[in-house]
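Side chains are part of it too, since the values below use all heavy atoms of this structure and drop only hydrogens, waters and symmetry mates.
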Amino acid sequence: AEREWDSALTLDPSLRSDAHLAGHLCATLAPQWNGAGQRLALKHLGAAAAAPLAECARSPDPARAAAATRLLDRIKRR
């Protein structure tokens, strides 16, 4: 799935501001995605990921919340 998301975001950069896509960002931060969400956010979304990541950081899933917090900090430092 990561390859498809990467292709879609490469071919259509307007997807970076798509609310539907942003809503899925938190799910891709789950451990079973093996860092795919982080890679996609850093490569394609950048600052556009800040609001969805802030919301995800409040997730009841501790793994996703921690991943979102780390990624948000990384994006803010860029």
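Residues Arg16 and Pro13 have side chains in contact (heavy-atom distance under 4.5 Å, counting atoms from C-beta outward). Between Leu9 and Leu21, some side-chain heavy-atom pair lies under the 4.5 Å cut-off. At least one side-chain heavy atom of Leu25 sits less than 4.5 Å from a side-chain heavy atom of Leu45.
Side chain of Glu4 to main chain of Ala1: a donor-acceptor pair is present (N/O by atom type, distance under 3.5 Å, no hydrogens or angles). Distance alone, capped at 3.5 Å, places no donor-acceptor pair between the Arg78 side chain and the Arg74 backbone. In terms of modelled atom types and a separation under 3.5 Å, the side chain of Arg39 and the main chain of Asp6 share no donor-acceptor contact.
Atom CG in Leu42 sits 5.0 Å away from atom CG in Leu71 (nearest 0.5 Å). Atoms CD and CZ, from Gln38 and Arg70 in turn, are 7.0 Å apart once rounded to the nearest 0.5 Å. Cys26 SG to Leu53 CG: the interatomic distance, rounded to the nearest 0.5 Å, is 8.0 Å. In this structure, the separation between SG on Cys56 and CG on Leu72 is 10.0 Å, given to the nearest 0.5 Å.
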Can His24 and His20 be said to form a side-chain contact (heavy atoms from CB on, under 4.5 Å), step by step?
CA-CA 7 Å; His24 290 289; His20 185 71; 3.2 Å; yes
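Residues Ala57 and Thr69 share a closest heavy-atom pair of CB-OG1, 3.5 Å. Smallest separation of non-hydrogen atoms from Ala49 and Ile75: CB-CD1, 4.0 Å. Across all non-hydrogen atoms, the minimal contact from Ala63 to Pro31 is CB-CG, 3.8 Å. The two residues Leu29 and Arg64 have their closest heavy-atom pair at C-CG, 4.1 Å. Scanning both residues, Leu40 and Trp5, for their nearest heavy atoms gives CD1-CB, 3.8 Å.
More than 12 heavy atoms of other shown residues, nucleotides or ligands fall within 6.0 angstrom of atom CD in Glu2.
Residues Ser14 and Asp12 have side chains that bring a donor and an acceptor to within less than 3.5 angstrom of each other.
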